[in-house]
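Count residues from 1 along the sequence.
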Amino acid sequence: MTSEQKTDILDKAKKFFKEKIAINHEENTKKLYSLSSFNVNPFTHKYLAQFAFGDSTPRSMAKALIYPRVLGTSISTTFGTQLQYFCNDVLSSYASVTPGIDIEFVDSFDGRRKYCQVKSGPNTINNDDVYTILGKFKAIQNLARTNHLSLELTDCVVGVFYGTDEELSGSYRTINKTHPVYAGKAFWEHLTGDAHFYEDLKNAFAEVATEMDCSKMLNDVIDKLADDIVRNSH
């Protein structure tokens, strides 16, 4: 990968993250100014505020509601649902025309063409997905035999966007018995040949938050929710 190609992917990745993830995250956060946006458990609400922030003032109670919502797993779920867009747009230079395959690339380690299914994280597939993925790989192998093409089992791979080998679920480990599963840094290095690309990609996403600077907006929403808590306590 050339420096120009690397810059192009990182620029596209930032655009993807801002338009598909961050803007929606910001808009959804702005809607959390009212208690009606939450299913409040009155028996644990004050406790959680006291536990996390050392007091149960309306603002601490507001933070105890908002922080899990805006800093929780929902954004990771959103990221996963947008992964196909990422493959189609950001990784367009690796686009595959093979049915059931997300991207194709020449592996930077062994120089062979890889047919890759891309997944979000180390726990984002289940047993049914295993059979689906293995079925797609089997179809490619059959097609290769029909067309007298050289295709080894290790040429069909799963690339996991983030995580480590140690974090991979049992479902991934089942696939890895016959087809390589590359996670996080390893995946991006096999794809790009750049050992630092994974960190650079994470930093590119983080830059989106820096450029948007939503901290003031978040504090304003917390203040509004705290006011609503006061109104509803009377």
Side-chain cluster (under 4.5 Å, hydrophobic types only) that [X] belongs to, other residues:
X: Leu48; answer: Tyr47, Phe51
X: Tyr115; answer: Ile101, Ile125, Val130, Ile133, Leu134, Phe137, Ile140, Leu151, Val158, Val160, Leu168, Tyr172, Ile175, Val181
X: Tyr131; answer: none

Does a side-chain heavy-atom distance below 4.5 Å link [X] with [Y]?
X: Phe187; Y: Phe197; result: no
X: Leu35; Y: Val40; result: yes
X: Gln5; Y: Ile9; result: no
X: Val157; Y: His190; result: no
X: Phe86; Y: Val118; result: no
X: Thr78; Y: His25; result: no
X: Lys15; Y: Lys20; result: no
X: Phe105; Y: Thr192; result: no

* Any cation-pi pair here, Lys63 with Phe53, using under 6.0 Å and within 45°? -> yes
* Between Arg231 and Asp228, is there a side-chain N and carboxylate O pair less than 4.0 Å apart? -> yes
Report the residues that fulfil side chain to side chain contact (heavy atoms under 4.5 Å, CB included) with [X], sequence neighbours left out, ordered by chain and then residue number.
X: Glu199; answer: Lys202
X: Leu143; answer: Asn147
X: Asn219; answer: Arg59, Ile222

* Asked: Going through the distances and angles, do Leu32 and Arg69 end up as a side chain to side chain contact (heavy atoms under 4.5 Å, CB included)?
  -> CA-CA 9 Å; Leu32 302 177; Arg69 182 75 66 88; 3.4 Å; yes
Hey, what do you get for [atom1] ([X]) to [atom2] ([Y]), rounding to the nearest 0.5 Å?
X: Ile103; Y: Cys116; atom1: CD1; atom2: SG; result: 4.5 Å
X: Ser171; Y: Asn127; atom1: OG; atom2: CG; result: 4.5 Å
X: Asn232; Y: Asp227; atom1: CG; atom2: CG; result: 11.0 Å
X: Ile66; Y: Leu225; atom1: CD1; atom2: CG; result: 4.5 Å
X: Met61; Y: His45; atom1: CE; atom2: NE2; result: 4.0 Å
X: Leu65; Y: Ser37; atom1: CG; atom2: OG; result: 10.0 Å

* **Residues Arg173, Asn176; criterion side chain to side chain donor-acceptor pair (under 3.5 Å); working and verdict** => CA-CA 5 Å; Arg173 295 182 189 280; Asn176 197 49; over 6 Å; no
Indicate yes or no for a side-chain donor-acceptor contact from [X] to the backbone of [Y] under 3.5 Å, with no hydrogens or angles considered.
X: Gln82; Y: Phe79; answer: no
X: Thr7; Y: Glu4; answer: no
X: Gln117; Y: Gly100; answer: yes

Among residues two or more places apart or on two chains, list those pairs meeting salt bridge (charged side-chain N to carboxylate O under 4.0 Å, His left out) that have a residue in [range].
range: residues 90-110; answer: Glu104-Arg113, Asp110-Lys114
range: residues 176-197; answer: Lys6-Asp194, Lys185-Glu189
range: residues 22-40; answer: Glu26-Lys30, Glu27-Lys30
range: residues 117-140; answer: none

Which heavy atom of [X] sits nearest to which heavy atom of [Y], and what is that distance?
X: Ala49; Y: Ser56; result: CB-CA, 4.2 Å
X: Ala13; Y: Val90; result: N-CG1, 3.9 Å
X: Ser92; Y: Asn88; result: CB-O, 3.3 Å
X: Ala226; Y: Ala62; result: N-CB, 3.8 Å
X: Pro180; Y: Thr154; result: CD-CA, 3.6 Å

* Asked: Is there a chain of hydrophobic side chains (I, L, V, M, F, W, Y, each step under 4.5 Å between heavy atoms) that links Leu191 to Val106?
  -> no
* Asked: Can Met217 be reached from Val70 by stepping across I, L, V, M, F, W or Y side chains whose heavy atoms are under 4.5 Å apart?
  -> yes
* Starting from the C-alpha separation in whole Å, work towards a yes-or-no answer on salt bridge (charged side-chain N to carboxylate O under 4.0 Å, His left out) for Lys18 and Glu211. => CA-CA 10 Å; Lys18 182 173 183 178; Glu211 293 169 2; 5.2 Å; no
* To do: Look at the rings of Phe16 and Tyr85 and say which category their plane angle falls in: under 30° parallel, 30 to 60° tilted, over 60° perpendicular.
  => parallel
* If you count the non-hydrogen atoms of other residues, nucleotides and ligands that lie under 6.0 Å from OH in Tyr33, is the total more than 12? -> no
* Asked: Does atom CG of Asn39 have more than 12 heavy-atom neighbours from other groups under 6.0 Å away?
  -> no
* Asked: Does the side chain of Asp55 pick up a donor-acceptor pair with the side chain of Ser60 at under 3.5 Å?
  -> yes
* Check step by step if side chain to side chain contact (heavy atoms under 4.5 Å, CB included) holds for Asp8 and Lys12. => CA-CA 6 Å; Asp8 180 60; Lys12 286 181 177 178; 3.5 Å; yes
* Residue list, salt bridge (charged side-chain N to carboxylate O under 4.0 Å, His left out) with Asp220, at least two apart or on another chain -> Lys216
* Structure fact -> Across all chains, not counting sequence neighbours, the side chain to side chain donor-acceptor pair (under 3.5 Å) partners of Asn28 are none
* Can you spot which of Tyr182, Tyr162, Phe161 makes a ring pair (Phe, Tyr, Trp, His ring centres under 6.0 Å) with Trp188? => Phe161
